[in-house]
Amino acid sequence: MLIINPGSMSKYHFNEIEAKWQKHWADNGTFYASNQSQKPKYYVLDMFPYPSGAGLHVGHPLGYIASDVYARYKRHKGFNVLHPQGYDSFGLPAEQYAIQTGQHPAQTTQVNIEGGTDNQSNKITGYRKQLDNIGFSFDWSREVRTSNPAYYKWTQWIFTKLFDSWYCKTNDKARSISCLVAIFKQEGNANVAAVCDDEIEVFSAKQWNSFTDQAQQQILLGYRLTYLAQTQVNWCAELGTVLANDEIINGVSERGGYAVVRKKMKQWSMRISAYAERLLQDLDTVQWSESIKETQRNWIGKSVGATVVFNVKGHDAKIPVFTTRPDTIFGVSFMTLAPEHELVASLTTPNQKQAVDAYIKATAKRSERERMADVKTISGVFTGAYAHHPFTKQPIQIWIGDYVLAGYGTGAVMAVPCGDQRDYDFAKHFDLPIPNVFQNADISQVAFSDKDTAVIANSDFLDGLSYKKAVKLAIYKLEKIGAGAGKTNYRLRDAVFSRQRYWGEPFPVYYKDGLPHTLAEEHLPIELPKIEKYLPTETGEPPLGRADMWAWDTQKCAVVSNTLIDNQTIFPLELNTMPGWAGSSWYFFRYMEKANRDAVFASKKALDYWQNVDLYIGGSEHATGHLLYSRFWVKFLYDLEHVTVKEPFKKMINQGMILGESAFAYRVAGENKFVSAGKTQGYTTQGIHTDVAFVNTSNELDIQAFKNWQVAFKDAEFITEDDGSFKVGREVEKMSKSKYNVVNPDDICSQYGADTLRMYEMFLGPLEQAKPWSTAGISGVHSFLKKLWRLFHTGQEELFNVSPTPASKDALKVLHKTIKKVEDDIENFSFNTSVSTFMIAVNELTALKCNSKDILEPLVVLISPYAPHIAEELWHKLGHQESISEVSFPVFDASHLVESSKEYPISFNGKMRFKMELPLDMTKQEMEAAVMANPKTIQQLAGRLPKKVIVVPGKIINIVG
RNA sequence: GCUGAAGUGGUGGAAUUGGUAGACACGCUGGACUUAAAAUCCAGUGGGCAGUAAUGCCCGUACGGGUUCAAGUCCCGUCUUCAGUACCA
């Protein structure tokens, strides 16, 4: 590849300047934040990266650059800014790599962060170096790594706190298990309003006290905020682990795209459902994009309605259902249970048994995916059983059908075919009755589901009522006869918290008599044991099952050899590890303290000072994972009074993805012959991904490099353009190694400089929008920086030339126009437009030949958040000793922009025809007279008499007629 | 299907409360400098029509309507793209 250094002739030696200032900042701790300051605080946070072996590409730093611009701007504005960075360093890729190569994940993780050579002899630059090259103003003294025992000690600690807590509905907050035990001792559990397992039975104080310790612990597990239970989990065989709902996209695993099946397993879960309402309500208090908030609202999925209990004819069983339309209770003509419903087996009559069994078998065979893809096929079977209608006592057929999901509500529905389309379709298909309970509703073709206009009919005491009133009365009557109650249902399920993996936080848990016990705070952290292979054991246990030293000695309070397990004083430890989101759910608190990290997260003083994140920048793909779990943990920590904030992130901006521009060489089908993009006509070709490093900005391929790249192309033939060049085709795709379209920021920095990279990434387009990367466009931003440099220098030798002469009026106007625009743009996160504004300012000042210090000095401060290195250098050259980073932002003075006249657009019937300079203090009448007297106006009118003349002072004049 | 975001030159994009559509760049074309190139600088660049020219006119912000003196911007309807979600009772 031909490497040209476009800066070679300029005296703007960005490589030297950038290295110099990066060293200066590091040596002087320029960006170390203090926890004590008279200044107001501002906390700017990036979503911390997972340090992968592939390193950073130009898409990764986009959000970091934006947050860095903002952090630097806030420092200029007089804020004490916390802008830290760290690594989310537990995770699947490092473990997959460990399985392949046998290297300890801690080893590869460290190399990925700090640089070095992996055991395949690949040289890895390391995240830290790559980030440092871009000139971020991070306070690295506060760095966190989630896989460091000193960090995960507190992740484990939070887990034990969750284990020691239950959710009290009366106080609407988490409380300690010990106070729950106190209540049980006093009065049993009858009056305890808790978010807990459904199947807990009522007991008295006397009963509680007579229970064995074992039985008591079993009951308490049903109340704890993190609990161990047999639950339906998403099992991914290929990854060898369970997955949370948010880790499954379209029925397959988010990572790898492997099949996921439902399976009953004993797993740790987090009772996030207890916080559903607060998670929903508090969304109104944060400044996030509407789309992310909406995604979370949908995920939480609140619906208000009622539980209705149906008695089964000739059977003890009761079937509770959830409905949002209790007003249509008289429209119930059958019931449908999910095929997996626990009562199906006992309800089914001997006559129907064969059909029911066959149906269950058939639906079980269909994968989750098939069931989702195929929503049109209606299927189901009658169980032979009947329920009683709670009011009419009429018999109701009980069916099973796979349109009812076992996982939502009670896994059963009361079918109201006249008001619900799915029930309607089912009824039509199986020829079941469709009674109409709406006034004047035509249900001959479709169900009538409009709540707003519904008026109830044929419904006894509900006749003539609107939806709202009928719901209220129906619930009242149901409660009165004991057949139901008002109920709010949430879609949000408890989150599965264990993973059958090695590279994650170990649980601080040991098992005594099959029941989990947590380790005390003073024994944390419990560190990951060494194992030989990072695979499940032969008996199917998680990788930690391979550890020899993985037992807990309750007397020595230490991890000891498994051979010592006697289940008297030495017990086996938990073999699962925590999921990826554990460490990232609270890291923002950890940054608040740099030295005293032996306290809980951070000292109370630090927590009180920094509070929570003022600005959070990151991708929107975490909407239902990280961003929900973090909010949950913060609310929990708030309940326990460890923190004083209810939300972690006050304002959030989601940066869009930077896409790659893939290059394709067109190969003639069936031949080892390539055709240049302009010559493909007449050939049947297929595009072959070509490494973008072989292609220059004019889309010309370096044929030699391409031939050397892969053996298959060594002897390939090339049909070139007439001028001898070979051109490739381009297409915008996601930036990825496999598409050979990755652009490395290190290369951009060495060729154009970090300031150019920073400005160009901002210039590319609106931060929140997805946009393609094109290295071709970078020259514009680079020449801008050179122009800026030249503004301060003169002559062939480019000697520094800034004069103390007072600024001209025009130059002052340019400066203040720029201050205003740039300030507004940064406040609105419109970084792309402020880069244009700088370009305009420098173009105009160059035209004015301005070299006045009064103008150039504030200009450097304006630009410094975007291009900090060149700004520091010029600031230094202007005679300052201190770093530019804390210098006050220039103050806008409107008086410099006051104009005495304006060039008005004169339009005729809304179309601009010519412009005319008019004084701004003219009256409307004078303006109209001046315009009408203009010869061009007379020419435009061509004798016509204007009907109307619209004069908007300071804006426009429009002549109608 | 539902929810959210978007659709503007060859390309990325600008137009903050309705008021000069295409700022600023890239690319392209022509020119200056140079032995040549790079770098730099200057000029032009939405489409069409008329004119030697200055210039003038018509069309133009996905599409079709509407409101208004004036619409990329507001209203109604349609289409397309992207993202999220998926039988939620």
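Throughout, protein chains are lettered first and strands after them, A, B, ... in sequence-line order, and every chain is numbered starting at 1.
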Mind checking who [N] pairs with, Watson-Crick or G-U wobble, both distances under 3.5 Å?
N	answer
B/A32	B/U40
B/A23	none
B/C49	B/G56
B/A70	none

Looking across every strand, which nucleic acid part, if any, lies under 4.0 Å from [X] by heavy atom: base, sugar-phosphate, or nothing?
X	value
A/Ser620	nothing
A/Ser291	sugar-phosphate
A/Glu294	sugar-phosphate
A/Val952	base
A/Thr324	sugar-phosphate
A/Ser830	nothing

Roughly how far, to the nearest 0.5 Å, is NZ of A/Lys487 from CG of A/Leu478?
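NZ of A/Lys487 is found 15.0 Å from CG of A/Leu478.
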Just verifying a value: how many Å separate A/Leu845 CG and A/Leu788 CG, rounded to the nearest 0.5 Å?
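Taking CG in A/Leu845 and CG in A/Leu788, the distance rounds to 9.5 Å.
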Selection from [options] that lies nearest to any side-chain heavy atom of [X]:
X	options	answer
A/Gln769	B/A89, B/U20, B/G13	B/G13
A/Lys821	B/U16, B/G12, B/C26	B/U16
A/Val960	B/C69, B/U40, B/G84	B/C69
A/Arg422	B/A89, B/G84, B/G19	B/A89
A/Leu405	B/C87, B/G19, B/U85	B/C87
A/Arg491	B/C87, B/U85, B/G27	B/U85
A/Ile840	B/C88, B/C24, B/A86	B/C24
A/Val413	B/C24, B/A21, B/A89	B/A89

A/His389-A/Phe330 aromatic ring centre distance below 6.0 Å
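Between A/Phe330 and A/His389, which both carry aromatic rings, the centre distance is below 6.0 Å.
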Establish, yes or no, whether a centroid distance under 6.0 Å links the rings of A/Trp773 and A/Tyr760.
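A/Trp773 vs A/Tyr760: aromatic centres under 6.0 Å.
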Between A/Lys787 and A/Asp420, which residue's closest nucleotide on RNA chain B lies nearer the 5′ terminus?
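Final value for this comparison: A/Lys787.
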With RNA chain B as reference, determine whether A/Ala770 or A/Met912 sits nearer its 5' end, using the nearest nucleotide of each.
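Counting from the 5' end, the first nearest nucleotide belongs to A/Ala770.
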In terms of ring plane angle, is the pair A/Phe334 and A/Phe426 parallel, tilted or perpendicular, where the classes change at 30° and 60°?
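The arrangement is parallel - the two ring planes meet at less than 30°.
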Any idea how A/His782 and A/Phe14 line up, ring-wise: parallel (<30°), tilted (30 to 60°), or perpendicular (>60°)?
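Perpendicular.
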Mind checking the [atom1] distance from [N] to [M]? Whole angstroms is fine.
N	M	atom1	value
B/U80	B/U8	C1'	15 Å
B/A23	B/A32	C1'	27 Å
B/U61	B/G10	P	13 Å
B/A62	B/A15	P	16 Å
B/A53	B/U67	C1'	43 Å
B/G9	B/C28	C1'	13 Å
B/C26	B/A36	C1'	26 Å
B/A6	B/C57	P	36 Å

So which protein N/O to nucleotides 54-63 of chain B N/O distances come out below 3.5 Å?
from: B/C57; atom 1: OP1; to: A/Gln940; atom 2: NE2; distance (Å): 3.0
from: B/C58; atom 1: OP2; to: A/Arg913; atom 2: NH1; distance (Å): 3.4
from: B/C58; atom 1: OP2; to: A/Arg913; atom 2: NH2; distance (Å): 2.8

In whole angstrom, what separates [X]'s [atom1] from [N]'s [atom2]?
X	N	atom1	atom2	result
A/Asn654	B/G4	CG	C1'	12 Å
A/Asn832	B/A25	CG	P	14 Å
A/Ile292	B/A5	CD1	P	13 Å
A/Lys924	B/C69	NZ	C1'	12 Å
A/Lys955	B/U16	NZ	C1'	11 Å
A/Phe763	B/C24	CZ	P	10 Å
A/Met839	B/A23	CE	C1'	12 Å
A/Phe831	B/G12	CZ	C1'	18 Å

Would you say a side-chain N or O of [X] is under 4.0 Å from OP1 or OP2 of [N]?
X	N	result
A/Arg297	B/U85	no
A/Lys915	B/U20	no
A/Arg790	B/C41	yes
A/Thr833	B/C24	no
A/Lys786	B/U40	yes
A/Asn843	B/A25	yes
A/Arg493	B/C88	no

Scan A/Tyr752, A/Phe831, A/Phe784 and name whichever one has a side-chain contact (heavy atoms from CB on, under 4.5 Å) with A/Met759.
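When side-chain contact (heavy atoms from CB on, under 4.5 Å) is applied between A/Met759 and each of A/Tyr752, A/Phe831, A/Phe784, only A/Phe784 qualifies.
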Mind telling me whether B/G30 is syn or anti, cutoff 90° either side of 0?
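With its glycosidic angle more than 90° from zero, B/G30 counts as anti.
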Decide whether A/Ser303 and A/Asn489 meet the rule of one side-chain donor and one side-chain acceptor closer than 3.5 Å.
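A/Ser303 vs A/Asn489: no donor-acceptor pair found between side chains.
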Should A/Asp825 and A/Lys820 count as an ion pair when the cut-off is N to O under 4.0 Å?
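Between A/Lys820 and A/Asp825 there is no salt bridge, as every charged N stays at least 4.0 Å from the carboxylate O atoms.
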Run the salt-bridge test on A/Arg297 and A/Glu290 with the 4.0 Å N-O cut-off and return the result as yes or no.
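The answer is yes: the pair qualifies as a salt bridge.
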How about A/Lys302: does its NZ atom have over 12 heavy atoms from other parts shown lying under 6.0 Å from it?
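Check passes, neighbour count above 12.
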